Enquirer: 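Before we start, here is the structure in question, set down as structure tokens.
Whatever order the structure lists them in is the order used to number ligands and atoms, beginning at 1. Any value given below was found using the heavy atoms of this structure, including those in side chains, with hydrogens, waters and symmetry copies removed. Numbering starts at 1 and runs along the sequence shown. Computed from a predicted model, the values in this text were never measured in an experiment.
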Amino acid sequence: MRTKVVAGNWKMNKTIGEATALTTELLLLYQAEVKNNAQVILCVPFPFLGATSTQVKGSPLKVGAQNCSEHESGAYTGEVSAGMLKSLEIPFVILGHSERRQYFGEHGALLAKKIDSALAHGLVPIFCCGEPLEIREKGTHEALVKQQVQEALFHLSAEIVTKIVIAYEPVWAIGTGKTATTQQAQDMHAVIRKELAAKYGNNVAQIIPILYGGSVKPDNARELFACPDVDGGLVGGASLKARDFIEIIKGAG
Ligand code: PGA
């Protein structure tokens, strides 16, 4: 059975003081209330990675970054490499989030390179895919998501692809309060898993966690995470409030 994963994506929110306070509260609530063994990941802004890692050390919580460069090192002002993240002992990195795709033009070949760089440094990429509203309305969402997965991941060997976490995030559900129905989520997760099985075989496809993202909240998390192909969630807004995030984590067990 796949372990459930609940990742919080803080995006570009909070100051260091607020981040420290949120993590402190999360750790207290986690220790007091969470009984399941879901893998919890806090994907915090770059400047907080060191401090948050120090805070969660010795607890089951892990830290992730929200992006990394495709380059190893060099004259790329403002960028952060996978090697730098590794040197901070950061185990996870979100890649291909729809906001990176939309505002920073990150797509197929570039994302494949970022995935390679993360994997080369032993980081686990949380690779995001998902369709915008107009594609959903046109009915071509399955084709687009399959293409996103193929472009970024299908150059990997069967052995390496098992190190990836996938997050399906329909763009129309991100930050909108409009969650995909459990049926919509399960259907798309099954499509993604079938696509992985067609390329890598069913054994490999069964190992890869596929998270749902897009307005996951305390009151819908349990139902979403109970779908057979939904292995947890990537949570934006609700991960910024300790009580909400803890309730979502509790929904994973
Ligand atoms: P949301 O964001 O939970 O605020 O919809 C999810 C995400 O963008 O990862």
Enquirer: At less than 4.0 angstrom from any non-hydrogen atom of Gly175, what atoms of ligand 1 do you find?
Expert: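 Contacts of ligand 1 toward Gly175, numbered from 1: 1 (P), 4 (O), 5 (O).
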Enquirer: At a 4.0 Å threshold, what atoms of ligand 1 neighbour a non-hydrogen atom of Asn9?
Expert: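 Going through ligand 1 atom by atom, the ones under 4.0 Å from Asn9 are 9 (O).
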Enquirer: Using a strict 4.0 Å cut-off to heavy atoms of His97, name the atoms of ligand 1 that fall inside it.
Expert: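 Near His97, the atoms of ligand 1 are 7 (C), 8 (O), 9 (O).
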Enquirer: Where's the contact between Ile174 and ligand 1, heavy-atom distance under 4.0 Å: side chain, backbone, both or neither?
Expert: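 Under 4.0 Å from ligand 1, Ile174 contributes backbone and side-chain atoms.
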Enquirer: Assess whether a salt bridge exists between Lys138 and Glu134, defined as any Lys/Arg side-chain N lying under 4.0 Å from an Asp/Glu carboxylate O.
Expert: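 Result for this pair is no, no salt bridge flagged.
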Enquirer: Charged N to carboxylate O below 4.0 Å: is that the case for Glu106 and Lys114?
Expert: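 Yes, this pair counts.
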Enquirer: So does Lys194 have more than 12 non-hydrogen atoms from other groups sitting under 6.0 Å from NZ?
Expert: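 Atom NZ in Lys194 is not crowded, with 12 or fewer foreign heavy atoms closer than 6.0 Å.
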Enquirer: Does Arg101 reach the main-chain N or O of Gly96 with its side chain, forming a donor-acceptor pair under 3.5 Å?
Expert: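 Flag set: sc Arg101 to bb Gly96 pair under 3.5 Å.
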Enquirer: Looking only at side-chain N and O atoms, does Glu89 offer a donor or acceptor that is under 3.5 Å from a partner on Ser53?
Expert: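 Absent: no donor and acceptor within the cut-off.
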Enquirer: Under 4.0 angstrom from ligand 1, any heavy atom of Gly214?
Expert: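 The answer is yes, since Gly214 has a heavy atom less than 4.0 Å from ligand 1.
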Enquirer: With no hydrogens and no angle check, is any side-chain donor or acceptor of Arg222 less than 3.5 Å from a backbone partner on Lys250?
Expert: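 Yes; judged by distance alone, with no hydrogens or angles, the pair exists.
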Enquirer: Would you check whether Ala173 reaches within less than 4.0 Å of ligand 1, judged by its heavy atoms?
Expert: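 Right, Ala173 reaches ligand 1.
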Enquirer: So is Lys217 touching ligand 1 or not, going by heavy atoms under 4.0 Å?
Expert: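 The answer is no: ligand 1 sits nowhere under 4.0 Å from a heavy atom of Lys217.
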Enquirer: When the ring planes of His71 and Tyr76 are compared, do they come out parallel, tilted or perpendicular, using 30° and 60° as the limits?
Expert: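 The arrangement is parallel - the two ring planes meet at less than 30°.
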Enquirer: Please could you name the atoms of ligand 1 that Gly237 approaches to less than 4.0 Å, counting only its heavy atoms?
Expert: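 Here the atoms of ligand 1 in question are 1 (P), 3 (O), 4 (O).
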Enquirer: Could you list which atoms of ligand 1 come closer than 4.0 Å to a heavy atom of Lys11?
Expert: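 What qualifies from ligand 1 is 2 (O), 7 (C), 8 (O).
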Enquirer: Which atoms of ligand 1 have any heavy atom of Glu169 under 4.0 Å away?
Expert: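 Those atoms are 6 (C), 7 (C), 8 (O), 9 (O).
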Enquirer: At a 4.0 Å cut-off, with the gap strictly under it, does some heavy atom of Gly213 reach an atom of ligand 1?
Expert: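 False for this residue.
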